[in-house]
Amino acid sequence: MLDRTFDPKTAEPRLYAQWEASGAFSPTDDPAATPFSMVIPPPNVTGALHIGHALNNTLQDVLIRFARMRGRAALWVPGSDHAGIATQMVVERQLAAEGNIGRRDMGRDAFVERVWSWKSASGRLIAEQLRRLGASCDWTRERFTLDDGLSRAVRQVFVKLYKEKLIYRDKRLVNWDPQLQTAISDLEVEQREIDGALWSLAYPLEDGSGEIVVATTRPETMLADTAVAVHPSDGRYAALVGRCVRLPIVGRPIPIIADAYADPEKGSGAVKITPAHDFNDFKVGQRHRLPIINILDAFARLNENAPAPFRGLDRFEARRRVVAQFDSLGLLRGVEPMRHFVPHGDRSGAVLEPYLTDQWWVDAKVLAGPAIAAVEDGRTVFVPRNWEKTYFEWMRNIEPWCISRQLWWGHRIPAWYGPDGLIFVAETAEGAAAAALEHYGRPEPLRQDDDVLDTWFSSALWPFSTLGWPERTADLKRFYPTDTLVTGFDIIFYWVARMMMMGLHLTGVPPFRRVVFNALVRDEGGTKMSKSKGNVLDPLEIVDAYGADALRFTLTAMSGQARDIKLSRQRIEGYRNFGTKLWNAARFCQMNGAISHADFDPGGAAGTVSRWIVGELQRSSATVTAALDACAFDEAAGELYRFVWNVFCDWYLELVKPILAGADAGAKAETRAMAAFVLETVLKLLHPVMPFLTEELWAKTAPVGQTRGCLLISASWPDLPSTWIDAAAAEEIGWLVALVTEVRQTRAELNLPPSARPRLDLIAPPDRVRAFAERHHDLIVSLARLGELGEVGAAPPGSVVLVAGQTTVGLAVAAHLDLAGETARLAREIATHDADIERTQRKLANQGFVAKAPAEVVEENRERLAGAMDAKARLEAARDRLSLLA
RNA sequence: GGGCGGCUAGCUCAGUCGGUCAGAGCGCCUGGUUUACACCCAGGAGGUCGGGGGUUCGAGCCCCUCGCCGCCCACCA
């Protein structure tokens with residue numbers, strides 16, 4: 001016999017091992033099976049599983065298990081991302097903590113080796129955690145963005161795009177992170193609002209005839225100013241255009257130029273131009289061929305281009321000194337505190353500097369075209385749809401993508417430089433050497449580019465590189481393009497857009513047919529979970545406390561939320577209880593010999609309760625199937641919860657108790673088989689969401705002395721015919737449920753003690769209802785806790801009258817009847833009907849409604865009115881009789 | 001500045017095509033040794049659907065507008 005509860009701690013590892021050993025995680029070889037494939041959003045190797053991963057991977061696992069059970073050749077490719085910056089930071093921090101020498105002292109090769117050894121030691125953590133969650137990915141196909149195959153793919157793509165001039169090298173301003181010592185892309189810039197100040201600085205005219213005032217939040221950059229700009233139509237300064245100011249401190253004369261970039265509304269209307277340290281100024285500088293003076297080094301200290309006293313100073317110290325100098329020169333025209341947004345590196349948190357360097361770029365504009373078209377024409381569909389707008393907006397305004405990073409951990413850029421600086425791009429050093437030999441006519445020493453590629457460059461190839469591209473592997477042919485990508489909307493630009501661009505450019509087809517965006521998980525207060533805030537719910541801790549199924553069901557049930565999920569322990573506990581409920585239902589079935597029979601035909605059942613439940617089951621399974629097909633995970637979970645608890649447990653199992661305890665052997669046998677069938681079907685339907693508990697029950701509820709033919713993970717998905725829905729049985733059981741509920745409500749209102757067994761009489765019932773009552777006599781008596789169930793022509797004195805649907809009954813409660821209370825109860829009931837009658841009557845009296853509303857809606861309201869008036873009349877009759885008693 | 005969400009019961013949220021849509025779970029209250037389950041059972045209270053206007057026979061639902069809250073993008077000399 002089953003224990004009282006499921007024990008996830010011991011069962012989960014055992015079941016997972018069984019699945020993995022069975023080979024169920026790999027797609028079937030059956031050539032007739034239609035492929036269904038997904039690639040995991042590769043977690044960072046540095047990462048530990050957080051609740052966002054848990055959500056994302058639960059949804060993927062639901063989909064892959066669903067597909068597998070439907071007979072698809074289901075493949076879910078797992079893997080992880082080398083996460084350049086993040087990983088390098090982790091290892092550097094570790095070196096520092098251990099008191100080791102730093103990365104630069106260590107040298108590149110030793111450092112990279114150190115990262116690899118860290119990766120092999122710690123990089124398996126997240127894969128283990130995914131297993132604990134129950135993720136059924138194909139571990140035999142696990143990939144890493146820096147493994148040999150993927151590295152080859154990266155190099156080949158780089159070379160191809162370079163040859164197509166879609167990758168190029170260019171010197172321009174980038175977002176420079178002075179702490180990490182690398183360029184980063186626009187996307188990695190985070191605007192943070194900080195307290196700063198706006199300083200007004202006076203620049204004297206060269207001839208001493210006056211001054212021009214400019215305002216800035218970064219006074220130190222004035223050391224690199226090469227112009228002052230005013231708007232061409234700004235009358236205040238028209239006379240000054242073309243003349244020069246002498247830059248204070250520096251002493252350099254710089255021109256006053258006219259450019260529309262200057263906004264007459266802002267500040268003084270004149271703006272300082274620093275081409276080397278401001279993106280907008282850079283463009284102005286290009287228009288006017290201004291010199292570009294870079295005064296910062298890679299650490300954002302002032303370099304040799306700054307006046308001697310400033311050299312070597314940190315930028316913020318330089319700022320203070322520049323301001324002080326202006327002040328002492330009498331040229332500081334004002335300072336006002338200002339809260340403003342300043343760009344920070346999202347990883348380091350350092351204030352970024354626009355910095356002039358040579359970097360590698362991808363011409364994203366060209367690649368974006370086909371990627372936009374694929375979503376426009378529906379070859380790739382976003383779920384929910386509204387993310388398409390965000391995608392289009394970004395893609396249509398896309399800027400060149402800076403792909404080089406001054407890091408050591410990552411794919412080294414396959415470009416080599418000759419002695420004269422000429423670039424040779426090739427997949428290998430030998431290839432580059434050969435090209436150089438051809439060019440120079442003799443061997444020349446080549447130096448490989450020191451930089452590595454942005455991590456997202458390799459991630460962009462993930463859907464096909466993991467399947468073996470550029471080789472034309474069997475997997476690639478069978479599983480590419482993939483079916484569904486499940487990911488967070490926070491990486492729609494970083495990742496989804498770039499996979500679309502690369503996938504289309506390199507393979508000609510979009511890498512997935514559907515992209516499902518899952519919500520963001522937050523804590524109960526709605527703030528993003530983060531370690532620094534200490535509000536992290538550790539998924540593994542939850543799994544330990546409640547089991548993986550409880551966490552999975554919770555996340556699935558809450559996944560419909562538009563943008564974020566607020567998670568609470570209470571909620572998880574509730575769904576753990578749901579699992580226990582099902583467990584105990586199975587326990588009940590087992591105790592009552594409800595065991596499945598292969599030759600049982602559920603559609604041919606004779607008993608009313610059987611015919612009813614099998615129809616409910618059909619409807620429910622169709623709802624769940626449709627919901628999962630549409631990725632409406634929350635709907636699927638909600639329907640399963642409702643059916644299992646509110647239909648199967650609350651009513652069906654209660655309804656069959658008398659049959660199972662009764663003497664009718666035929667009915668008993670049929671009911672046992674039906675209960676087992678419903679349970680078994682529920683296990684299948686619930687398996688994608690709660691795989692562990694259902695798998696355990698599947699094994700434990702096998703026919704006595706037998707084992708199941710296969711694991712539940714490999715069982716086939718229920719496909720029940722709609723002909724199983726029996727309208728007559730549904731009506732009959734619906735009547736019974738309404739009647740029992742009505743009696744229970746009345747008992748509670750009258751404060752009838754549970755021990756009271758009143759008599760219930762049908763009052764002049766129609767033949768059909770009489771037949772229902774006769775058929776379910778014992779059930780009604782037990783469920784409503786009655787003494788007797790009979791029939792009378794009119795309500796006897798001392799009874800209260802109830803109306804359940806079309807049926808009026810008298811409940812004999814004389815001994816407990818509180819006349820005043822009962823009168824009040826009836827009055828309330830009547831008032832409810834009155835309100836309904838009035839509303840419906842008003843509607844039907846409205847000419848417009850009758851004329852314009854669809855006929856069926858009008859008819860529906862007529863019936864509603866008739867029903868309400870009928871019920872009211874019967875309740876009034878009861879009230880009148882009651883007043884006679886008084 | 002541009003865009004996207006959200007505002008429905010004490011809390012967290014569903015609500016599809018405008019017509020039993022005023023719902024669920026949790027919490028709360030009342031009652032319960034019902035032989036599967038107290039991780040349970042039965043019952044209950046609680047909402048002017050953010051405000052205002054409009055369209056419609058009919059509006060949480062569509063349109064306009066205002067107000068908060070959150071996020072994304074761009075930018076602020």
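None of these values were measured; they are calculated from a predicted model. Per chain, numbering begins at 1; letters A, B, ... match sequence-line order.
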Could you check if the base of B/G31 is syn or anti? Syn means the glycosidic torsion is within 90 degrees of 0.
->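 You should classify B/G31 as anti.
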What's the gap between [N] and [M] when it is taken at their [atom1] atoms, as a whole Å value?
N: B/G53; M: B/G60; atom1: P; answer: 14 Å
N: B/A59; M: B/A22; atom1: P; answer: 13 Å
N: B/C69; M: B/G51; atom1: C1'; answer: 15 Å
N: B/C7; M: B/G52; atom1: C1'; answer: 16 Å
N: B/G50; M: B/U56; atom1: C1'; answer: 23 Å
N: B/G10; M: B/G47; atom1: C1'; answer: 11 Å

Rounded to the nearest Å, what distance is computed from the [atom1] atom of residue [X] to the [atom2] atom of nucleotide [N]?
X: A/N584; N: B/C41; atom1: CG; atom2: P; answer: 10 Å
X: A/R642; N: B/A14; atom1: CZ; atom2: C1'; answer: 14 Å
X: A/E573; N: B/C26; atom1: CD; atom2: P; answer: 11 Å
X: A/N592; N: B/C37; atom1: CG; atom2: C1'; answer: 13 Å
X: A/F382; N: B/C4; atom1: CZ; atom2: P; answer: 16 Å
X: A/L187; N: B/A74; atom1: CG; atom2: P; answer: 8 Å
X: A/E193; N: B/C75; atom1: CD; atom2: P; answer: 16 Å
X: A/E190; N: B/C71; atom1: CD; atom2: C1'; answer: 13 Å

Could you tell me the Watson-Crick or G-U partner of [N], where both distances fall under 3.5 Å? Say none if there is no partner.
N: B/A24; answer: B/U12
N: B/C40; answer: B/G32
N: B/C4; answer: B/G70

Regarding A/T274 and A/D225, do their side chains bring together a donor and an acceptor under 3.5 Å, going by distance alone?
yes
Would you indicate what [X] reaches in the nucleic acid, counting non-hydrogen atoms under 4.0 angstrom: base, sugar-phosphate, or nothing?
X: A/E393; result: nothing
X: A/R4; result: sugar-phosphate
X: A/A586; result: nothing
X: A/C649; result: base
X: A/T217; result: sugar-phosphate
X: A/K272; result: nothing
X: A/I492; result: nothing
X: A/F341; result: base
X: A/D263; result: base

**Asked** Does a distance-only test, which skips hydrogens and angles, find a donor-acceptor pair under 3.5 Å between the side chain of A/E654 and the base of B/A36?
**Response**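 For A/E654, whose side chain was compared with the base of B/A36, there is a donor-acceptor pair (under 3.5 Å).
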*asked:* With hydrogens left out and only the distance checked, is there a donor-acceptor pair under 3.5 Å joining A/R576's side chain and the base of B/C39?
replied: yes
Measure the acute angle between the ring planes of A/W645 and A/F578, then classify it against the limits of 30° and 60° as parallel, tilted or perpendicular.
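A/W645 and A/F578: parallel rings.
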Does a side-chain N or O from [X] land closer than 4.0 Å to OP1 or OP2 of [N], or not?
X: A/N280; N: B/C75; result: no
X: A/K657; N: B/A36; result: yes
X: A/Q745; N: B/G44; result: yes
X: A/K581; N: B/C37; result: no
X: A/W645; N: B/C41; result: yes

Salt bridge or not between [X] and [Y]? Use side-chain N to carboxylate O under 4.0 Å.
X: A/E190; Y: A/R192; result: yes
X: A/R333; Y: A/E211; result: yes
X: A/E696; Y: A/K700; result: yes
X: A/R747; Y: A/E742; result: no
X: A/R236; Y: A/D234; result: yes

Which nucleotide wins on minimum distance to the side chain of [X], given the candidates [options]?
X: A/M558; options: B/U12, B/C75, B/A36; value: B/U12
X: A/F493; options: B/C72, B/G19, B/G25; value: B/C72
X: A/D650; options: B/G19, B/A42, B/G43; value: B/A42
X: A/T5; options: B/A42, B/G25, B/C39; value: B/C39
X: A/T580; options: B/G27, B/G19, B/C39; value: B/C39

Centroid separation A/Y641 to A/Y575 less than 6.0 Å
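Ring centroids of A/Y641 and A/Y575 are less than 6.0 Å from each other.
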Practice prompt. With A/R385 as the cation and A/F382 as the aromatic partner, state whether NZ or CZ is under 6.0 Å from the six-membered ring centre and within 45° of the axis.
Written response: no
Assign each of A/F588 and A/A748 the nucleotide of RNA chain B bearing its closest heavy atom; nearer the 5' end lies the nucleotide of A/F588
5'-most contact on RNA chain B (nearest-nucleotide basis), A/K389 vs A/Q570, goes to A/K389
